[in-house]
Amino acid sequence: MSKTGSIITNVGYLDALARQDSPIHQLDPRAKLLTTLAFIVMVVSFDKYQISAMFPFAIFPIVLIVLGNLPAGYLMKRVLWVTPFAVLVGIFNPFLDRQVLLHIGSVEISGGWVSFASILMRSLLTVLAAFVLVATTGFNTICLALEKIGVPNIFVMQLLFLYRYAFVLAEESGRMVRAWQLRAPLQKAIGIQSFSILLGSLFLRTTSRAQRIYQAMCCRGFEGRLHPAKQLHWTMANTIFLTGFCLLFTVFRFTNPALLLGKLITEIFS
Amino acid sequence: MSHHIVQTNDLHFTYPDGTIGLAGVSFRITHGESVALVGANGAGKSTLLMHLNGCLLTMRGSVQVGDLPVTKKTCAAIRRSIGMVFQDSDDQLFMPTVFEDVAFGPMNLGLSAEEVEPVVIQALERVDATHLKDRPPYKLSAGEKRRVAIAAVLAMSPDILVMDEPSSSLDPRTRRELIELLQTFKHTKIIATHDLDLALELCPRTIVLGRGRVLADGPTADIFADDDLLAQSRLEKPLSMQNCPRCKGKLSQNQR
Amino acid sequence: MHMADALISPAVGGAFWAASAGLIGYSCKKIKSELSDSKVPLMGVVGAFVFSAQMINFTIPGTGSSGHLGGGMILAILLGPWAGFIVMASILTVQALFFADGGILALGCNIFNMGFWTCFVMYPLVYKKIVRQHHSSQSKLFWGSMIAAVVGLQLGAFNVVLQTVLSGISELPFAGFLAAMQPIHLGIGIVEGFITAGVVAFVVKAQPQLLEITIPQADKSPVSIKLVAASLLIAAVITGGALSWFASGHPDGLEWSMFKTSGAEELDTPDNAVYDKSSGLQEMTAFLPDYGFKESEVAVAAEETAESWPAVSVGTTVSGLVGGLLTLALAFGIGFLLKFKRKIPSPAVS
Ligand SMILES: Nc1ncnc2c1ncn2[C@@H]1O[C@H](COP(=O)(O)OP(=O)(O)OP(=O)(O)O)[C@@H](O)[C@H]1O
Ligand SMILES: [Mg+2]
């Protein structure tokens, strides 16, 4: 299964990136989580025809990518890979909203195209921010932050287990599909009937595995709660990071420095 | 010391679907002994081991560890003295990183995050796996997983080590290292295995299981010398005990 | 049918975050009080199971195209509603973080769309009513799974439409979007229903005791109709709240809305409605019938615009674009400067 393979590789790679050591990686995951959330809320809170005011927001992922020592090219590729979703829904805007909004030279641009561009911009920024968060923090550390923030222990455990066994089961299902393919060489993809049976037996294997895992947990004293072995340390740097960026976002959100700058420039030139 | 004895008495167990797992197993293992548990696939080895720490509870007969009978109530206490290494390491290594996995047991015993660190490091050092500390378990090789699984059990400082097929899916070199590692442990050891050479090297005593019953119990060398018993319990003489003429005979047979 | 961050407004995102967080918290409480610890790893691994099952493509009969599994209904049946919901939520969380399927703000919407209807509505009200016991007949099992999966997905798709339109980022009109989404998801739902029924039938045959985790509670009915009604009410209130928040506190910067019309139907709307405050309000209250929502949005937007943005010139746009590109360049500049100071290669793709 090349698809399964590539997904696993990508997840693994994001995790490998998260295991680096950089000033950003050293930050408390809670600081990064909250800042990212603030970033996303600010970006999507713009109205649908807004484009220029979003540009300054790019500074956040860019700074994190650079300081966090992340491969910009790879992340951009991943971001573009996701974009089709936004395109699919946004592409209707130019057809539905045809009122001409502005002229650049003799070219007329309709509101639909502007809002479409705005959707793409949103998609780019929010998706990039999510990837940057994972690549500088790592899934398990994010879970730890969630636990500290007050997310129920059961849900956090659930996330950890899901993440841990997704790899094992992806391999297992990959093996099953391969075994199926070897005995059905003429079919291109699995039919619904065989797929259900395949899933059913995968499920049975899964439950017996879950039982063994539970036994292994009990053998080591599990009593319904997971105790995180890692501690978090909230330092001054985290406070600065969080408040600094949130302030910056607020300023960007309500002043539109890009527009001011642009006005300045265009006035100088005209 | 009666503390580390393991004793079973006429143990019976039937799975919910009606499969008979154990049909009357009795033995007594005393402090410091190393015992191999051998038998064909489905003989009941894993089922038996699950009874020793109360993962499965007996339907008839009894299990006793130290001074305590294994019951629902005593399970928790007994699990602190019995460390179990599972057949499939993936079942045992469920935490995100090796460190956290090894820390899982001690944390459940109530140690704080600070107290736990030296315990974990020490356990990893004993199996020579300190360098794997921050790796996620799913990326480890089978041998590394096995080491970490053993460390996770050692971190709880058990008195008795119970292992289910510790050498399965290990390459010869890793298997050799594992045997050497296990030889350094002074714990009472109960090892279920298909690797009869390993049994011969590590365990002076062997119990043979077949269809949920004890077929034989005695010194390992004697048991592996008994051809009838081996045939009856679907086992083969360890390679190290097979002399060359016989090898040759087998080879020529195979070639025909 | 993942909602994306790019398509929702903070109000809609926030409201559904709150709804989903509340449901997660409540489900966790329920699980803790009702189920043994052994369910914890089971849920985790079953989550991983659905997660990896989603990666397998299969052919949809008669079409030759391929689909993949959603999983909400299967989870509800195999694990029960509370655990099923938690597991669905965790799957979506992992997807949001690693594949940016949906997104972090839209996560609340997605959890609600794909978990709420299946686990808390279709499972207790449809599936359980039809399939009273797992050893009931094959056809009951089949229809129970099928109907529950199809309707559950329809409701989810309806939510997507509602959230999209409420957010007002996409121009898609309510009726039109709905007309496209529901039939598409009918097809997907039927496929999902076949798979759900197939897997459940297989598990029932092979190990019926597995499903007894959920079934002994059948009499007690873990989710009462009252609770469902209450949840629906809460959902409605939240949605309504989000809507009014959206309508009244529409964010600033609507300079362009004045010029906007949406598609042919809207062109008929008399332009002077824009200047008529009272008719604008009327339109606003007449939400949902037809494309009324669109008009009210225009009206409200126009109102605000008329007050606070009297002049909109093309010049603003041009300077906006110029400035935007400049700030972007500036941001990259800062990035390069920082990069210059730190020269460590990123790890290679393994
Ligand atoms: N969860 C289960 N449900 C039903 N029957 C089971 C279960 N686990 C094991 N059995 C049955 O119990 C018997 C003993 O199995 P057990 O796993 O103890 O054998 P084993 O000696 O460990 O075999 P192996 O060498 O293959 O690991 C077998 O017949 C097996 O089919
Ligand atoms: Mg076994």
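The sequence lines fix the lettering, A, B, ..., with proteins before strands; numbering per chain opens at 1. Only heavy atoms go into these numbers, but all of them, side chains included; no hydrogens, no water, no symmetry mates. Remember, it's a predicted structure, so these values are computed and weren't measured experimentally.
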Quiz prompt | Residue selection (most heavy-atom pairs with chain A, distance under 4.5 Å) from B:L93, B:D88, B:L56 | solution = B:L93

Quiz item: Any idea which of B:G105, B:A149, B:P96 has the most non-hydrogen atom pairs under 4.5 angstrom with chain A?
Solution: B:P96

Quiz prompt | Minimum heavy-atom distance A:G221-B:N108, with the two atoms named | solution = O-CB, 3.2 Å

Self-check item: Atom group of B:A152 that falls short of 4.5 Å from chain A, counting heavy atoms
Solution: both

Quiz item: With only heavy atoms counted, which part of A:Y165 is less than 4.5 Å from chain B, the side chain, the backbone, both or neither?
Solution: side chain

Exercise. For A:Q215 and B:F86, run side chain to side chain contact (heavy atoms under 4.5 Å, CB included): C-alpha distance rounded to whole Å, both residues' side-chain angles, the deciding distance at 0.1 Å, then the answer.
Key: CA-CA 9 Å; A:Q215 286 170 344; B:F86 280 69; 4.0 Å; yes

Self-check item: Any donor-acceptor pair under 3.5 Å from A:R212 side chain to B:Q87 backbone
Solution: no

Quiz item: Between A:R164 and B:P137, is there a donor-acceptor pair closer than 3.5 Å when you use the side chain of the first and the backbone of the second?
Solution: no

Exercise. Select one option (side chain, backbone, both, neither) describing which atoms of B:M156 are under 4.5 Å from chain A's heavy atoms.
Key: side chain

Quiz item: Pick from B:D134, B:V120, B:D101, B:L109: which one has the most heavy-atom pairs with chain A under 4.5 Å?
Solution: B:D101

Quiz prompt | B:M50 portion near chain A, given a 4.5 angstrom heavy-atom threshold | solution = side chain

Quiz item: Take atom CD1 in B:I20; do more than 12 heavy atoms of anything else shown fall under 6.0 Å from it?
Solution: no

Practice problem: Verify the neighbour count for atom CD of B:Q122: are there more than 12 heavy atoms of other residues, nucleotides or ligands below 6.0 Å? | Solution: no

Quiz item: In Å and rounded to the nearest 0.5 Å, what is the CE to CE distance from A:M157 to B:M95?
Solution: 9.5 Å

Quiz prompt | Contact class of B:D90 relative to chain A, heavy atoms under 4.5 angstrom | solution = both

Quiz item: Side chains of A:C218 and B:M84: does their closest heavy-atom pair fall under 4.5 Å?
Solution: no

Quiz item: Can you name the residues that form a side chain to side chain donor-acceptor pair (under 3.5 Å) with A:Q211, not counting sequence neighbours?
Solution: none

Practice problem: Specify which of B:R79, B:E117, B:E114 makes the most heavy-atom pairs with chain A at under 4.5 Å. | Solution: B:R79

Quiz item: Relative to the ring of A:F222, is the ring of B:F104 parallel (under 30°), tilted (30 to 60°) or perpendicular (over 60°)?
Solution: parallel

